[in-house]
Amino acid sequence: MSTTATTSEHLVRMANDIGAFFEVMPDQHQAAKDVATHIKKFWEPRMQRSFLEYLKAHGDQELKPVVREAVREIRPS
Amino acid sequence: MDTHPLHEEIDYGTPARESEQTVTLTIDGVQVTVAHGTSVMRAAVDAGTQIPKLCATDSLEPFGSCRLCLVEIEGRRGFPASCTTPAENGMVVRTQSSKLADLRRGVMELYISDHPLDCLTCAANGDCELQDMAGTVGLREVRYGYEGLNHLKDQADLSNPYFAYDPSKCIVCNRCVRACEETQGTFALTISGRGFASRVSPSESQPFLESECVSCGACVNACPTATLMEKSIIDAGQPDHSVITTCAYCGVGCGFKADMKGNEVVRMTPWKDGKANEGHACVKGRFAWGYTTHKDRILTPMIRKNITDPWQEVSWDTAINYAAGEFHRLQQTYGKDSVGGITSSRCTNEETYLVQKLIRAAFGNNNVDTCARVCHSPTGYGLGQTYGTSAGTQTFKSVEKSDVILVIGANPTDAHPVFGSRMKKRLREGAKLIVVDPRQIDLVKSAHIRADYHLQLRPGTNVAMVSALAHVIVTEGLLNQSFINERCDLDSFKVWQEFVARPANSPEALEPVTGVPAQLVREAARLYATGGDAAIYYGLGVTEHAQGSTAVIGIANLAMATGNIGREGVGVNPLRGQNNVQGSCDMGSFPHEFPGYRHVSDDATRSLFEKDWGVSLRKEPGLRIPNMFESALDGTFKGLYCQGEDIVQSDPNTQHVIAAMEAMECIVVQDLFLNETAKYAHVFLPGSSFLEKEGTFTNAERRISRVRKVMPPKAGLADWEVTVALSNALGYPMQYNDPSEIMDEIARLTPTFAGVNFDKIERLGSVQWPCNDQTSEIGTPLMHIDRFVRGKGRFLPTQYVPTHEKVTPKYPLLLTTGRILSQYNVGAQTRRTENVKFHEEDRLDIHPHDAEERGIADGDWVGIASRAGETVLRARVTERMQPGVVYTTFHFPESGANVITTENSDWATNCPEYKVTAVQITKVKQTSEWQENYHRFNETQLRLLKEKVAAEVAAGR
């Protein structure tokens, strides 16, 4: 079954909340890395997948800039 | 063989004194050396003599009123009381002479002339100091007769559910009054009247139940006669043996003696040598153990296909095999990751460890979480990031050295009462107190306690407050720069320093956010930074927020910035909610880490466990509890093994949780009772209470104490045996003869536990982790003494971000939730005890201004509506609340407090934001639609339980 829209929106909100903690750091590149590390360390793979799928379908304009940069780190290459 | 079956303790008569100076004296010809300040009475015990006494006991300061402990001291006139006379160098003391014997007999004769002579039928028979002393002094007659004025016909007060007060037996020794003051710190008792009219008076000569008494039992413990006596002892008689164990209520982890007759508990007595409580207790641990034998206990395993079916009672084998079959079916149908489990912070370390092992090894995924998710997971993250490990830094005893105590979002006198009493004792000695709390909790203002500062902030603004305090410390030059230079990561410090110094973080700029006058914040910050040794104690009022982890980090920053880490009297102390929250976190209950806080992605750690467990383990984190719910609603999470937690009642947004429950195909609940979660379950595995199994609990001080079996498991298996059986049925074999072998495995695989084993705990009473060959034998009472666990302490900026939960015209008030003294968490245990007499329903606390605006009077039914749902409670109008903020507890399922709370959560850990929900309150005449549905559902589930039992009985005939 596919992930519901509410779950994905919730994931976007959670990602932005993580971003809100790290965006205050002076080194924004490091901050983005920290956001990515946080998501990789604490989000179960299906949450990461749903999040990325949602971004693929809806774009990343809802994301804070630091999270947007972090997503590039999370995405499997 | 145990030669002290009752674990009788020596009463030294007066408290121990700590001093580097000693004095040497001679008592009855025996030379003895004691610490300076020790009483002659206590020194006599060391010399091998017990001086007769009645008003003295070593938990209380000497009082000198009973005149029984008189002694002769060479060179001194008269007969000084040995309890109030300090030992001195060269003193020569005689404890017995014909004159002393006459005096003591005379005193006893007066006592006994106004005391009933019903010793044979008295409940204290066999445990009465008055009786003992009459024998000791050789009382043979009472010359005064019994015709004169006396108290023999005074009526007993039986109002307290747990103890009786019989004034006819009172000798007015004041021990109860002093215990209430010194040990508990409530000051509910006094002696009213003078001379012959002197009587113990609860509050203003009220019945105990109506007085300010908090039923801690300290007075009952202190009473030398049958005046204050446990009703259970009145009913059952004196115990025949006792077993030392650890309380299963809050995170203080008090040591208790379970006083037994055969397999029956007749009393729980606080253990004097228990390091966490030193002989004190609260109404829950001391008295509320009746749930363990309550008729609602389910003692036979049960299964059912659908939650609309009646339960079928089955054998353990059938239930275990059915559960294993269902989990296999689900994993085959929906994939390996479609099942998971929840470990219990109420179970032992060994049981928790086994559940996470089952999930990782037998389920083959990391979908394991614990109820610490919804309370202290931000502590794990915040202290881990800053200090390197998730643990309080101090022992409870450390508070005795604090000069300043900062309490943030904690209510210890209700939620951690025994520690609360300890803290209050220090405050009465003069320590300063800062309370940061939206409510006027008891610590702000109660008997002989006044907070120096109460920063009564708006719910949800802790981070703003902590940053504002930090701003003052940085900009007013109050930093402990040498500590920072030596102990902390300087780059991180500089970033933090620049951040908090910004004008946006000043108390003035944040005053509109927190609602606290900037001047108060400045003064409180100065006090914390410069008032001497300063300790921070915090609770769920910090963690259960959208920025819970940020607030914990902010607190850790404050302690580092002021150098308040690494010695007695200081530190950062999370007050843990349930008895084994610390232990369940230590044991690897979180989906991202193995025991000992090591991430699952760490190859070295993972391969260590893989080798020991003989399986390959996953390196990706598993689902946290809220993620399990969402995945259930998405259709990818189908089965749950839930040990000793009631997620349906305790987790936020009940309707969301229930929808998730209904979306799953197999829920296995292991519990004492058919709790709210079990009403949605398909397999019920009977749990065992803490009295029915061996193991360990770890309290908020990281103290590992033994839980001992005092009776066989009522359902036949201890919880750890059930998990072993389930794992075996799942195809992953587990083999342990005894929980000590489980601890040996934990020690083998977890460096911080390497030195922990049952034999050592038996010998030392308890140990504190880290405990290994690099620590002392007892482990580590104080953490981060010379260096932080992570090396250098790390500062992190803490940007305040307002919660998504905002007040609006539709929802103009903020609801915050909490606990009260007499009930424990979801109440499954305490609701099944006489504690309901103290708190029989959850109420909504509302400020008079908000109440008046809505036409609400005290006791009115009010509707509470949030974006998540609606429920109805009775209102209590109180100025403890600030305008705009309402409060309730969640101890009763029908209250539906969590119908209101939302699934907003902490950014780092998903710990729910229980403490902030925007609501509207209106006066109503009937219960809410949710409550009506709940009642219907509950009745159906209780009927399905009852029908099954009835059907079995019929089949049996």
Side-chain angles (χ1 to χ4, degrees), chain A residues 1-54 57-58 62-68 70-71 73-77, chain B residues 334-335 337-338 340 365-367 377 381 385 463 491-492 494-496 498-499 502 546-547 549-550 553 590-593 599-601 618-624 626-631 633-638 656 663 796-804 903-910:
Chain A
M1 283 175 78
S2 66
T3 305
T4 60
T6 28
T7 309
S8 302
E9 281 160 20
H10 190 56
L11 291 171
V12 168
R13 190 157 103 173
M14 277 165 56
N16 276 334
D17 288 346
I18 295 167
F21 177 81
F22 288 102
E23 71 182 352
V24 68
M25 310 297 172
D27 179 347
Q28 280 302 285
H29 184 62
Q30 184 59 41
K33 274 190 163 163
D34 290 343
V35 171
T37 304
H38 189 93
I39 289 175
K40 283 194 279 195
K41 272 180 89 170
F42 297 104
W43 286 23
E44 200 254 5
R46 85 190 83 173
M47 293 166 69
Q48 297 184 36
R49 274 199 306 274
S50 302
F51 178 56
L52 295 177
E53 278 166 19
Y54 178 87
H58 298 85
E62 296 166 71
L63 297 180
K64 285 175 175 286
V66 70
V67 182
R68 225 175 280 160
V71 168
E73 301 255 350
I74 302 165
R75 259 197 194 114
S77 48
Chain B
Y334 301 101
D337 297 335
S338 63
N365 63 45
N366 286 324
N367 293 333
S377 51
Y381 181 82
Q385 291 292 313
V463 170
D491 290 341
S492 74
K494 282 174 197 146
V495 169
W496 174 78
E498 183 279 320
F499 168 78
R502 291 176 194 168
Q547 282 198 289
S549 291
T550 317
I553 290 167
F590 287 139
H592 65 279
E593 59 196 11
H599 200 270
V600 290
S601 65
R618 300 276 286 275
K619 62 177 182 185
E620 310 89 4
L623 294 168
R624 299 170 287 196
N627 313 143
M628 291 181 192
F629 297 152
E630 299 211 340
S631 300
L633 290 168
D634 285 340
T636 63
F637 190 76
K638 291 290 189 178
H656 176 77
L796 282 164
T798 52
Q799 174 66 49
Y800 166 67
V801 180
T803 163
H804 299 291
E903 69 260 40
N904 281 344
S905 67
D906 172 47
W907 64 269
T909 65
N910 276 162

Inset, instruction - Check each atom of B:N367 against the heavy atoms of chain A and say whether the ones under 4.5 Å are side chain, backbone, both or neither. - result: side chain

Inset, instruction - With the side chain counted from C-beta on, respond yes when A:E44 and B:P591 share a heavy-atom pair under 4.5 Å apart, and no when they do not. - result: no

Inset, instruction - Can you tell which part of B:N366 gets under 4.5 Å to a heavy atom of chain A, answering side chain, backbone, both or neither? - result: neither

Legend entry - chain B contacts, top residue of A:K41, A:E23, A:K40 (heavy-atom pairs, under 4.5 Å): A:K41

Inset, instruction - Please flag which part of B:R618 lies under 4.5 Å from any non-hydrogen atom of chain A: side chain, backbone, both or neither. - result: neither

Inset, instruction - Could you pull out the closest heavy-atom pair between B:R624 and A:F42, with the gap in Å? - result: CZ-O, 3.6 Å

Legend entry - Spatial distance of atom CG (B:D906) from atom CE (A:M14) [nearest 0.5 Å]: 10.0 Å

Inset, instruction - Name the option with the most non-hydrogen atom pairs under 4.5 Å to chain A; the candidates are B:H592, B:H804, B:E593, B:Q547. - result: B:H804

Inset, instruction - Measure B:S549 against the heavy atoms of chain A and call it side chain, backbone, both or neither at under 4.5 Å. - result: neither

Legend entry - chain A contact via B:F629 - which portion, at a heavy-atom distance below 4.5 Å: neither

Legend entry - Value rounded to 0.5 Å, distance of CG in B:N910 from CE in A:M47: 6.0 Å

Inset, instruction - Mind ranking B:A908, B:S905, B:S601 by heavy-atom pairs under 4.5 Å with chain A and telling me who comes out on top? - result: B:A908

Legend entry - Portion of B:Y381 that has a non-hydrogen atom of chain A nearer than 4.5 angstrom: side chain

Inset, instruction - Among B:T798, B:L796, B:N627, single out the residue with the greatest number of heavy-atom pairs under 4.5 Å to chain A. - result: B:N627

Legend entry - Heavy-atom closest contact (B:P621 atom, A:P45 atom, distance): O-CD, 3.3 Å

Legend entry - When B:H599, B:E903, B:E620, B:Q799 are compared by non-hydrogen pairs under 4.5 Å with chain A, the top option: B:H599

Inset, instruction - Tell me, for B:P797 versus chain A, whether the close heavy atoms (under 4.5 Å) come from the side chain, the backbone, both or neither. - result: both

Inset, instruction - Look at the rings of B:W907 and A:H38 and say which category their plane angle falls in: under 30° parallel, 30 to 60° tilted, over 60° perpendicular. - result: tilted

